[in-house]
S.K.: 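Once you've had a glance at the structure underneath, I'll fire off some questions.
Just so it is clear, the structure is predicted and the values come from calculations on it, not from any experiment.
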Amino acid sequence: MLREPWPEEKPYWKTAWKGGVQSLFFIARPVQTPLYVHIVGEVASRYGYPIADIGMYIQPIEHNRAAHVEFNFFYDPEDAAEKAVIGASTAKQRRP
């Protein structure tokens, strides 16, 4: 349980590594998670994002009938090239 607010002088844990993060999260069936890991890896490499830099979290929920699936794409907000990769990959994946 969080007993105190996050310290203002300490960076949020997701932004501590590179300074910025774009998260993709959703609920899926646990049996489908390997497929999503594969798809995210393919899309990331298509846009030049290093697969080794992708954060991934999979949490079974509802007695393993579902899973919270989360992918984190870390980037340096001061680096125009890294921002462009994140912006290009997320813009093309959005639905109108």
S.K.: The criterion is ring-ring contact (aromatic ring centres under 6.0 Å, His included); which residues satisfy it with Y36, sequence neighbours excluded?
M.R.: F26
S.K.: Any non-hydrogen side-chain atom of H68 less than 4.5 Å from a side-chain atom of I58?
M.R.: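 Heavy-atom side-chain distance check fails, nothing below 4.5 Å.
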S.K.: Looking only at heavy atoms, which two atoms of A16 and P11 are closest? And how far apart?
M.R.: CA-CB, 4.2 Å
S.K.: For the CD atom of Q59 and the CG atom of N64, what is their distance to the nearest 0.5 Å?
M.R.: 10.0 Å
S.K.: K14 versus S23: any side-chain heavy-atom pair under 4.5 Å?
M.R.: yes
S.K.: Transitive ILVMFWY cluster of I61 at side-chain heavy atoms under 4.5 Å: who else is in it?
M.R.: I27
S.K.: Any donor and acceptor pair, going by atom type alone, linking the side chain of S45 with main-chain N or O of G41 inside 3.5 Å?
M.R.: yes
S.K.: Drop me the distance from L35's CG to R29's CZ, to the nearest 0.5 angstrom.
M.R.: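 Result: 12.0 Å between the selected atoms.
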S.K.: Go through the steps for E70 and L24 under the test side chain to side chain contact (heavy atoms under 4.5 Å, CB included), then give the verdict.
M.R.: CA-CA 6 Å; E70 183 169 342; L24 168 66; over 6 Å; no
S.K.: Find out whether F73 and V21 are in side-chain contact, i.e. whether some heavy atom of one side chain is under 4.5 Å from a heavy atom of the other.
M.R.: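 Sidechains of V21 and F73: no contact.
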S.K.: So do D53 and F74 actually touch side chain to side chain, heavy atoms under 4.5 Å?
M.R.: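 They are not in side-chain contact.
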S.K.: Decide yes or no for M56 and V37: does some side-chain heavy atom of the first lie under 4.5 Å from some side-chain heavy atom of the second?
M.R.: yes
S.K.: Grab the two heavy atoms, one from P77 and one from G20, that are nearest each other, plus how far apart they are.
M.R.: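 Smallest heavy-atom distance, with atoms named: CD-N, 3.6 Å.
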S.K.: Report yes if the side chains of I86 and Y49 come closer than 4.5 Å at any heavy-atom pair, otherwise no.
M.R.: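 Yes, at least one pair of side-chain atoms sits under 4.5 Å.
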S.K.: Rest of the hydrophobic cluster containing Y57 (Ile/Leu/Val/Met/Phe/Trp/Tyr, side-chain heavy atoms under 4.5 Å)?
M.R.: none
S.K.: If we ignore hydrogens and angles and just use 3.5 Å, is the side chain of E82 paired with the main-chain N or O of Y75 as donor and acceptor?
M.R.: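 Not confirmed, E82 side chain does not pair with Y75 backbone.
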